[in-house]
Amino acid sequence: MAATTTHASPVPASQPVYAFQAPVRLYHWVNAACIFTLAATGYLIAHPLPTVMGEASDHFIMGRIRLVHFTAGYLLAVSLAGRIYWALVGNQVSRQIFYLPVWRGSWWCGLGEEIAFYLFLRKEPPTESGHAPLAQVAMLLFNTLGTLFMIFTGFALYGEGLGHGSWADRAFGWVVPLFGDAERVNNWHLLGMWILLCFVIIHIYMAVRADIVGRTTSLSSIVGGWRSPKGR
Amino acid sequence: MEKVTVYAAMRAGGMSRRAFLQACGAIAASLALPPGSGRAIARALERTPRPSVIWLSFQECTGCTESLTRAHAPTVESLLFDMVSLDYHHTLQAAAGGAAEEARREAMAANHGRYLLIADGSLPVGHPAYSTIGGVSNLAMLQEAAAGAAAVIAMGSCAAFGGLPGATPNPTGAAPVSEVVRDRPLVTIPGCPPIPAVIVATLAHYLTFGRLPALDPLGRPKAFYGETIHDRCYRRPFYDRGLFADTFDDEGARKGWCLYKLGCKGPTTYNACATTKWNGGTSFPIQSGHGCLGCSQPDFWDGGGFYRADALPFGPLTPTATIAAAAGVAVGGAVAAANRRKRAKARAAHRPITVDDLEKGQEETP
Ligand code: HEM
Ligand code: SF4
């Protein structure tokens with residue numbers, strides 16, 4: 001079982017572990033593609049492309065950009081729903097982005113050590129087979145809650161577009177009064193994109209970095225699922 | 001107390017029966033009521049006595065009144081002052097001083113529990129002394145008047161959301177009517193100024209059905225604030241096709257393309273300008289070539305520039321940024337200090353070993 005090894009066992013896992021099951025990997029890449037598409041189209045909704053030349057009847061570019069945005073939005077929501085299902089039936093690692101084991105003292109120790117390591121206060125890198133504590137915090141805050149935030153604000157805006165009484169309005173309309181009004185939802189949706197993109201940059205940096213200086217594979221594990229010790 | 005019906009007042013004002021019925025139909029249509037409702041409205045207005053209206057003005061610019069009184073001949077807007085018995089209004093009343101305040105008290109006492117209260121302007125809740133009328137603070141006057149009102153209408157963006165007086169840094173502690181009036185039916189009709197047809201339709205609905213029209217969570221009538229300007233804009237096809245005016249005098253501007261890049265706030269603004277238009281249906285800002293400013297939005301004044309497409313009203317960033325920077329420097333300093341202490345300790349524990357030492361060690365070991 002690919003349980004998170006705690007700081008108590010600083011020895012790198014000597015056996016390869018099957019960390020990321022197929023649905024987790026599928027979700028990862030669908031999610032990445034959706035976020036990329038949503039950020040690109042969303043940015044273009046906020047900052048449209050230069051005016052195209054020719055007859056108005058020849059084009060439908062903003063309409064298409066919005067269509068792609070909404071389609072990717074639906075896909076993002078469906079893939080997250082599938083991922084939540086898999087967290088219930090999958091392995092230990094598949095649950096890690098949905099909760100923090102705050103009741104476990106060792107988890108807090110691991111978190112402290114990891115922070116110390118990244119601040120150059122500690123030389124030994126902590127080893128984990130799934131997500132390290134700090135990564136887990138970031139994953140939960142930015143990926144899980146971040147995408148949920150984007151989905152709720154996104155579908156609330158979508159409901160505003162579909163109109164009062166539409167399915168999206170009935171399901172997500174309650175989000176709008178929480179923010180005050182739809183304009184604020186729109187602005188938080190936009191801000192959410194930048195926060196998510198900051199996370200994406202850090203996430204990719206950390207993954208590549210872990211692959212280079214860490215003791216177990218990182219990049220290949222999210223493709224093939226196996227997290228293996230690296231030969232020295 | 002005269003019991004003139006709305007219809008009688010309109011006829012006395014020179015309106016033909018045909019124009020009256022047309023106006024009732026227009027009101028029903030603008031409220032998206034089912035067919036036949038125009039007749040119901042006409043019947044109700046024929047029978048209903050004109051309600052007494054007390055109109056209080058607080059921290060405002062009189063633009064709301066200006067806008068409503070500029071309504072021309074028999075348009076829906078012009079019905080407003082025929083429909084109500086306006087018993088108190090700073091700008092429009094003939095009486096002044098103590099006599100005016102006396103008239104207000106009398107009207108409020110005579111129609112206690114039945115009059116409509118319209119308020120425009122925000123209330124200096126932070127410092128009630130900043131705005132007083134006849135020595136009575138706005139806050140006290142609104143509380144007193146609201147206590148006997150059947151319903152309260154917050155007219156304009158200031159009364160609805162705080163408006164200009166409530167803009168950062170909000171020196172008077174300005175608050176919208178909704179923060180003071182909590183136990184009366186309240187309609188907010190934001191806009192700077194609001195659309196006269198909206199208040200007429202709201203009043204007609206109230207007189208016909210005895211209750212306020214369907215409201216959204218901000219208290220705005222759904223029929224008028226349910227969609228964005230953008231969703232009803234006649235330039236929308238150009239938006240969808242990616243055809244934008246980049247300056248106010250380029251080819252796109254001349255061809256009437258979308259004004260988004262010139263700062264149009266239509267996509268995030270909820271109001272009915274694109275359908276009801278202004279000045280008797282003549283035009284509205286976008287039709288006259290300027291982007292929507294978003295004047296009916298809660299964050300209007302703090303929402304960034306008029307000519308920037310994306311308005312981001314996240315309040316003043318300077319204090320947040322300063323605190324964040326200070327926190328960053330503090331954490332960085334603490335980490336650096338901890339690092340340095342560790343390094344010093346390591347250096348203190350460090351003993352240089354020479355080759356001689358090693359050789360000596362080797363000799364000793366066996
Ligand atoms: C990673 C997730 C997402 C990102 C990065 C993202 C990004 C954006 C951005 C930047 C905007 C433009 C905001 C503005 O105009 O100021 C936008 C608008 C919008 N988004 Fe998203 N979005 C995401 C998810 C979603 C989802 C799941 C939905 C649901 C269908 C959605 C629906 C919308 C809608 C309806 C709009 C308004 C479109 C318009 O005004 O024409 N978004 N999004
Ligand atoms: S002019 Fe403004 S409201 Fe009209 S389509 Fe363009 S952005 Fe939307």
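Throughout, protein chains are lettered first and strands after them, A, B, ... in sequence-line order, and every chain is numbered starting at 1.
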Under 4.5 Å between any side-chain heavy atoms of B:Lys222 and A:His164, yes or no? yes

Steps toward side chain to side chain contact (heavy atoms under 4.5 Å, CB included) verdict (A:Asp181, B:Gln297): CA-CA 8 Å; A:Asp181 83 314; B:Gln297 285 303 110; 2.4 Å; yes

Considering residues, nucleotides and ligands other than A:Arg66, do more than 12 of their heavy atoms fall under 6.0 Å from its CZ? yes

A:Thr51 (side chain) donor-acceptor with B:Leu243 (main chain) under 3.5 angstrom: no

At a heavy-atom separation under 4.5 Å, does B:Arg341 approach chain A through its side chain, its backbone, both, or neither? neither

Got a sec: does the CD1 of A:Ile115 have more than 12 other heavy atoms crowding it under 6.0 Å? yes

Should A:Glu160 and B:Thr228 count as side-chain neighbours, where that means a heavy-atom distance under 4.5 Å? no

Donor-acceptor contact below 3.5 Å, side chain B:Tyr260 vs main chain A:His47: no

Proximal component of B:Asp231, with respect to chain A [non-hydrogen, under 4.5 Å]: side chain

Quick check: are there more than 12 heavy atoms from other residues, nucleotides or ligands sitting under 6.0 Å from OH of A:Tyr118? yes

Looking at B:Val335, B:Asp216, B:Asp246, which makes the most heavy-atom pairs under 4.5 Å with chain A? B:Val335

Heavy-atom pairs under 4.5 Å with chain A - which of B:Pro267, B:Pro298, B:Gly294 has more of them than the others? B:Pro298

Please flag which part of B:Phe244 lies under 4.5 Å from any non-hydrogen atom of chain A: side chain, backbone, both or neither. both

Does B:Lys261 use its side chain to pair, donor to acceptor, with the backbone of A:Leu49 at less than 3.5 Å? yes

Distance-only polar pair, side chains of B:Tyr270 and A:Glu183, donor-acceptor under 3.5 Å: no

